[in-house]
Chemist: 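Before I ask anything, here is the structure I am working with.
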Amino acid sequence: QLQASGGGLVQAGDSLRLSCTASRRTSSNNAMGWFRQAPGKEREFVGAVSWNGRSTRYADSVEGRFTISRGYAENTMYLQMNSLKPEDTAVYYCATARGSSVVTTTTSYQYWGQGTLVTVSS
């Protein structure tokens, strides 16, 4: 029900944009978010956007570098990642929240995409 794409191998300082396409049934009235999981680490919150796109929240580690947006006609969410660092290397997952407001915990999300790998070389 969610499909994440756009990952790849980039160098430190480069930019990358991830996309997440969801079915209208699972996304139109729900907040959506991005999480990431690096090897050997737990899945962590990256950022989220409210159902209407008016509210966003970011992890401290990406604040000012990453931007989330929604495209309602396409039921798509984007993650624009700028000034990438090697520590941003992870599998990135998109997810649909249970409610309409921005939330940051994994348990607040009910549908998950399959993940897309982002690798940032130094």
Side-chain angles (χ1 to χ4, degrees):
Q1 292 173 322
L2 285 87
Q3 182 75 30
S5 62
L9 172 63
V10 297
Q11 294 185 334
D14 285 350
S15 297
L16 203 60
R17 189 176 83 156
L18 305 184
S19 298
C20 175
T21 302
S23 65
R24 182 176 295 276
R25 180 179 66 84
T26 61
S27 67
S28 61
N29 296 315
N30 298 78
M32 297 182 72
W34 289 97
F35 289 77
R36 67 186 181 186
Q37 187 166 18
K41 296 187 177 181
E42 294 189 355
R43 191 169 299 188
E44 65 174 4
F45 173 75
V46 174
V49 58
S50 62
W51 73 278
N52 57 7
R54 295 177 182 175
S55 179
T56 57
R57 187 180 299 178
Y58 300 94
D60 290 343
S61 59
V62 306
E63 181 79 51
R65 299 188 298 122
F66 291 10
T67 303
I68 292 176
S69 59
R70 296 190 69 154
Y72 288 101
E74 301 84 11
N75 295 314
T76 301
M77 174 179 63
Y78 304 98
L79 180 65
Q80 177 66 43
M81 305 185 294
N82 299 327
S83 302
L84 282 162
K85 304 176 181 179
E87 51 263 44
D88 294 318
T89 295
V91 176
Y92 284 71
Y93 298 89
C94 61
T96 300
R98 301 181 190 279
S100 60
S101 300
V102 168
V103 286
T104 64
T105 60
T106 56
T107 54
S108 299
Y109 290 80
Q110 56 182 340
Y111 300 112
W112 294 82
Q114 85 290 354
T116 185
L117 177 62
V118 173
T119 304
V120 184
S121 64
S122 59

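These numbers come from a predicted model, not from an experiment.
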Chemist: Mind checking side chain to side chain contact (heavy atoms under 4.5 Å, CB included) for Val103 and listing every partner two or more places apart, or none if nothing turns up?
Modeler: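 Expected list: Ala97, Ser108, Tyr109.
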Chemist: Using a side-chain heavy atom cutoff under 4.5 Å and only I, L, V, M, F, W and Y, what cluster partners does Leu9 have?
Modeler: none
Chemist: Quick check: closest heavy atoms across Cys94 and Ala4, and the distance to 0.1 Å?
Modeler: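 So the minimum-distance heavy-atom pair works out to SG-CB, 3.9 Å.
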Chemist: How many angstroms lie between atom CD of Gln3 and atom OG1 of Thr116, to the nearest 0.5 angstrom?
Modeler: 9.0 Å
Chemist: To the closest 0.5 Å, what do you measure between CD (Glu63) and CZ (Arg57)?
Modeler: 11.0 Å
Chemist: Which heavy atom in Thr106 sits nearest to a heavy atom in Trp112, and how many Å separate them?
Modeler: O-CZ2, 3.6 Å
Chemist: Within a radius of less than 6.0 Å around CD of Gln11, do more than 12 heavy atoms belonging to other residues, nucleotides or ligands occur?
Modeler: no
Chemist: Quickly, which of Thr67, Val49, Val62, Val46 forms a side-chain contact (heavy atoms from CB on, under 4.5 Å) with Leu79? Name it, please.
Modeler: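 Result: among Thr67, Val49, Val62, Val46, Val46 is the only option passing the side-chain contact (heavy atoms from CB on, under 4.5 Å) with Leu79.
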Chemist: Thr96 versus Gln1: any side-chain heavy-atom pair under 4.5 Å?
Modeler: no
Chemist: Taking only residues two or more places apart in sequence, or in another chain, which ones meet Arg17 in a salt bridge (charged side-chain N to carboxylate O under 4.0 Å, His left out)?
Modeler: none
Chemist: Using every non-hydrogen atom in the two residues, find where Val102 and Ser50 come nearest and quote the distance to one decimal.
Modeler: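 Scanning both residues completely, I find the closest heavy atoms to be CG2-N, 3.5 Å.
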Chemist: How long is the span from the OH atom in Tyr93 to the CD atom in Glu44, to the nearest 0.5 Å?
Modeler: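 The CD atom of Glu44 is 12.5 Å from OH of Tyr93, to the nearest 0.5 Å.
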Chemist: What pairs with Glu87 under salt bridge (charged side-chain N to carboxylate O under 4.0 Å, His left out), at least two apart in sequence or on another chain?
Modeler: none
Chemist: Is the backbone N or O of Val120 less than 3.5 Å from a side-chain atom of Thr89, with the two atoms forming a donor-acceptor pair by type?
Modeler: yes
Chemist: Can you find a pair of side-chain heavy atoms, one from Ile68 and one from Met77, that are under 4.5 Å apart?
Modeler: yes
Chemist: Taking side chain to side chain donor-acceptor pair (under 3.5 Å) as the definition, give me every residue that meets it alongside Gln114, ordered by chain and number, with sequence neighbours left out.
Modeler: none
Chemist: Under a 4.5 Å cut-off applied to non-hydrogen side-chain atoms, are Leu18 and Val118 in contact?
Modeler: yes
Chemist: I'd like to check the side chain to side chain contact (heavy atoms under 4.5 Å, CB included) partners of Ser15; sequence neighbours left out, ordered by chain and number.
Modeler: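 Expected list: Gln80, Asn82.
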Chemist: A side-chain contact here means heavy atoms from C-beta on lying under 4.5 Å apart; do Trp34 and Met81 qualify?
Modeler: no
Chemist: State which residues pass side chain to side chain contact (heavy atoms under 4.5 Å, CB included) with Ser101; sequence neighbours excluded, sorted by chain then number.
Modeler: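 Once residues adjacent in sequence are excluded, Ser101 has no partner under the side chain to side chain contact (heavy atoms under 4.5 Å, CB included) criterion.
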Chemist: Taking only residues two or more places apart in sequence, or in another chain, which ones meet Ser83 in a side chain to side chain contact (heavy atoms under 4.5 Å, CB included)?
Modeler: Arg65
Chemist: Report yes if the side chains of Phe66 and Asp88 come closer than 4.5 Å at any heavy-atom pair, otherwise no.
Modeler: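 A side-chain contact exists here, since the closest heavy-atom pair is under 4.5 Å.
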Chemist: Could you work out, with ring-ring contact (aromatic ring centres under 6.0 Å, His included) as the rule, every residue matching Phe45, not counting sequence neighbours?
Modeler: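 Phe45: ring-ring contact (aromatic ring centres under 6.0 Å, His included) contacts with Phe35.
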Chemist: Not counting sequence neighbours, which residues clear side chain to side chain donor-acceptor pair (under 3.5 Å) with Tyr92? List them please.
Modeler: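 For Tyr92 the side chain to side chain donor-acceptor pair (under 3.5 Å) partners, ignoring immediate neighbours, are Arg36.
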Chemist: Any chance you could measure Asn30, atom CG, to Gln110, atom CD, to the nearest 0.5 Å?
Modeler: 6.0 Å
